[in-house]
Amino acid sequence: MPLSKHDYLDELRWRGLLHQATDEAATARHLTEGRHIYCGFDPTADSLTIGNLVPLMMLVHAQRAGHRPVVVMGGATGLIGDPSGKSAERTLQTREMVESNLHGQRRIFERLLDMTGPQGAIITNNLDWIGKLSFIDALRDVGKHFSVNVMIQKEAVRERLTNREQGISYTEFSYQLLQAYDFLHLRRELGVTVQVGGSDQWGNIVAGGDLVRRVIGEEVFGVTAPLVAKADGGKFGKTESGAVWLTADRTSPYAMYQFWLNADDRDVPRFLRIFTLLPRADVDGLIDVHAQDPGARTAHRALARAATALIHGDDEAQAAEKAASALFSGDVTSLPEATLREAFAEAPSSDHSRALLGGEGVALIDLLVETGLAKSKRESREFLANGSVSVNGRKVGPDDRLTPGHLLHEGLIVLRRGKKNWHLTRWS
RNA sequence: GGGGGCGUGCCUGAGCGGCCAAAAGGGGCGGACUGUAAAUCCGCUGGCGUAUGCCUUCACAGGUUCGAAUCCUGUCGCCCCCA
């Protein structure tokens, strides 16, 4: 199989995606030929978050380097629950839930990975093989190769064993057996020899490698990426409105664009390397510009554009960018109607009767509550008094009312509360 | 089996009969400054139609008292020491 000029490990290394590898020299040698590289994703939700993007990028780079990526959707493991990195036992998901989550996540893999050609990604579901395993088979064929003494040493388990309040169930304790069995199965059936994942997966990956060696006496390899942390110490991937998801139904392209654009200066270089596919020269150039004048936010914009395009496609990224610059240009009034409607395509909006604008007009205090920009009249009053609210880009006070004079393009009024909470009202 | 301690608002954590909707910090939300940043500063942070006001909170259920987060009894949960 032809390999691209980019060496996989080197690529991961400069991008900051390489945390540890099993016998790095041997792994590097192994990767001089095209291999099958796998990563597992448990269907804990019907989408994936930006945090899951890290291991996903490892597969993307594998493919670009000439290897064949194999996605293992955890149809079986998702029913059990991975204790790695979790401080408490989780409630079991129903089979239906796992099943539907699987479908939700599949579209993301298909979008980010090339599904065609000899290097086309393979998407599998470990329920297909784990589901066939009987309890007796599991204990004899898998369990016999594991030492409980070793299992309880794993970080994911150890912490829970010493923690009286939490403990760990036999179910979650067994998780590593299943993931190890995945590796064995994939080695046998698809010739998969490398597993990648986040650093929290190291224990599971090693367990898989051990199993393969014991059963078929062959060496397999593992590579992990570091945990992505934010410069300010906060948890990566969270915003005021919760996690940032990779599908538009949960996080709009616009919201994702904003997420990247608002990245801390210090995080931008790293994010450019990890979350975009921009070539090294471009990245280095951007980092340079960024260091000279972070205020210009050239690198922020490039990051937001590239990362959003990677997930949602070029068109969506472009639209998000246009909307962002329109909204934050300050003067909403001068925007053409089409741009305005486009910019607010994803923002909350509401319809109102135009007749209300006549006479005394509509009190903003009430409207803020109606539109959800404020939770109660009391809060509404507070925001207005603080000068947090603007109508069509102009600040308003507690006693202001909306009249026909506020209408843009014969029927639109733009409300904003705080810096980033927009709402479009339509009047007809 | 015996003995001791703890359970407060989103989180940490003071309060230990009235001055308590409850200190302080964190977080969150607004504002100023800026670059839709960081740092800093200011305000808000149980709910309520605008309040020298009303309602609901200090694990839960009762009780004592003019009055309880604060005292008593029981229940639940957790921690520690001895055996």
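Letters A, B, ... mirror the listed sequences (proteins, then strands); counts begin at 1.
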What integer distance in Å separates [X]:[atom1] from [N]:[atom2]?
{"X": "Asn421(A)", "N": "G31(B)", "atom1": "CG", "atom2": "P", "value": "9 Å"}
{"X": "Trp422(A)", "N": "G30(B)", "atom1": "CH2", "atom2": "P", "value": "13 Å"}
{"X": "Leu373(A)", "N": "G30(B)", "atom1": "CG", "atom2": "P", "value": "11 Å"}
{"X": "Glu321(A)", "N": "U36(B)", "atom1": "CD", "atom2": "P", "value": "15 Å"}
{"X": "Leu368(A)", "N": "G30(B)", "atom1": "CG", "atom2": "C1'", "value": "13 Å"}
{"X": "Arg297(A)", "N": "A38(B)", "atom1": "CZ", "atom2": "C1'", "value": "12 Å"}
{"X": "Asp264(A)", "N": "U34(B)", "atom1": "CG", "atom2": "C1'", "value": "14 Å"}
{"X": "Trp260(A)", "N": "A37(B)", "atom1": "CH2", "atom2": "P", "value": "18 Å"}

Margin query: I'd like to know if Arg15(A) pairs up with Asp10(A) as an ion pair, taking the criterion as any Lys NZ or Arg NE/NH1/NH2 lying under 4.0 Å from an Asp or Glu carboxylate oxygen.
Written below: no

In numerical order, the residues of residues 249-257 of chain A whose heavy atoms come under 4.0 Å of RNA chain B are none

Atom CZ of Arg394(A) with >12 non-hydrogen neighbours under 6.0 angstrom
no

Using the [atom1] atom as the point on both nucleotides, what is the distance between [M] and [N], in whole Å?
{"N": "G9(B)", "M": "A14(B)", "atom1": "C1'", "value": "13 Å"}
{"N": "G15(B)", "M": "A24(B)", "atom1": "P", "value": "14 Å"}
{"N": "U57(B)", "M": "A68(B)", "atom1": "C1'", "value": "14 Å"}
{"N": "C55(B)", "M": "G7(B)", "atom1": "C1'", "value": "26 Å"}
{"N": "U52(B)", "M": "G4(B)", "atom1": "P", "value": "49 Å"}
{"N": "G47(B)", "M": "U34(B)", "atom1": "C1'", "value": "36 Å"}
{"N": "G27(B)", "M": "G53(B)", "atom1": "P", "value": "33 Å"}
{"N": "G62(B)", "M": "C11(B)", "atom1": "C1'", "value": "31 Å"}

Of His290(A) and Arg416(A), the one whose closest nucleotide on RNA chain B sits nearer the 5' end is Arg416(A)

Per nearest nucleotide of RNA chain B, the residue lying toward the 5' end, Gly418(A) or Ala263(A), is Gly418(A)

[N] pairs with which nucleotide, Watson-Crick or G-U wobble, both distances below 3.5 Å?
{"N": "G7(B)", "answer": "C76(B)"}
{"N": "A69(B)", "answer": "none"}
{"N": "G1(B)", "answer": "C82(B)"}
{"N": "C41(B)", "answer": "G31(B)"}
{"N": "C58(B)", "answer": "none"}

- Please check the phosphate of G30(B) (OP1 and OP2 only) for any side-chain N or O of Arg417(A) closer than 4.0 Å. yes

Are any of Lys420(A)'s side-chain N or O atoms less than 4.0 Å away from OP1 or OP2 of A37(B)?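 The answer is yes; a side-chain N or O of Lys420(A) sits under 4.0 Å from OP1 or OP2.
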
State which residues pass side chain to side chain contact (heavy atoms under 4.5 Å, CB included) with Asp314(A); sequence neighbours excluded, sorted by chain then number.
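Scan of Asp314(A) (side chain to side chain contact (heavy atoms under 4.5 Å, CB included), adjacent residues dropped) gives Ala309(A).
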
Determine whether Asp114(A) and Arg64(A) satisfy the following criterion, salt bridge (charged side-chain N to carboxylate O under 4.0 Å, His left out), listing intermediate values before the conclusion. CA-CA 9 Å; Asp114(A) 184 356; Arg64(A) 288 160 64 92; over 6 Å; no

Residues in ring pair (Phe, Tyr, Trp, His ring centres under 6.0 Å) contact with [X], at least two apart in sequence or another chain:
{"X": "Phe173(A)", "result": "none"}
{"X": "Phe383(A)", "result": "none"}
{"X": "Trp427(A)", "result": "His352(A)"}

Between the CG atom in Asn126(A) and the OG1 atom in Thr77(A), the distance rounded to the nearest 0.5 Å is 4.0 Å

Any base atoms under 4.0 Å from Ala324(A), or only sugar-phosphate, or nothing? Heavy atoms, all strands.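 Since a base atom lies under 4.0 Å of Ala324(A), the category is base.
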
Touch class at under 4.0 angstrom, heavy-atom based, for Pro398(A) against every strand present: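 Contact class for Pro398(A): none.
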
* Asked: Is there any side chain to side chain donor-acceptor pair (under 3.5 Å) pair reaching into residues 358-377 of chain A, and which pairs are they, with sequence neighbours excluded?
  ->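 Non-adjacent pairs meeting side chain to side chain donor-acceptor pair (under 3.5 Å): Asp366(A)-Lys377(A), Ser376(A)-Arg378(A).
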
Could you check which of [options] has an atom nearest any side-chain atom of [X]?
{"X": "Arg266(A)", "options": "A38(B), A32(B), G49(B)", "value": "A38(B)"}
{"X": "Phe383(A)", "options": "U36(B), G30(B), G49(B)", "value": "G30(B)"}
{"X": "Asp265(A)", "options": "A37(B), C29(B), G31(B)", "value": "A37(B)"}
{"X": "Lys395(A)", "options": "A32(B), G49(B), A37(B)", "value": "A32(B)"}

Salt bridge (Lys or Arg N to Asp or Glu O under 4.0 Å) pairs touching residues 290-310 of chain A, sequence neighbours excluded, are Arg305(A)-Glu321(A)

Exercise. Without hydrogens or angle criteria, can the side chains of His300(A) and Asp265(A) be said to hold a donor-acceptor pair below 3.5 Å?
Worked result: yes

N/O-N/O pairs, protein side and nucleotides 52-54 of chain B side, under 3.5 Å:
none

Those residues at least two apart in sequence (or on a different chain) that pass side chain to side chain donor-acceptor pair (under 3.5 Å) with Asn262(A) are none

Side chain to side chain donor-acceptor pair (under 3.5 Å) filter on Arg273(A), not counting sequence neighbours, yields none

Sorted by chain and residue number, the salt bridge (Lys or Arg N to Asp or Glu O under 4.0 Å) partners of Arg341(A) (sequence neighbours excluded) come out as Glu337(A)

Listing time: all N or O pairs from protein to nucleotides 40-47 of chain B that are below 3.5 Å?
from   : atom 1 : to        : atom 2 : distance (Å)
C44(B) : O2'    : Glu382(A) : OE2    : 3.1

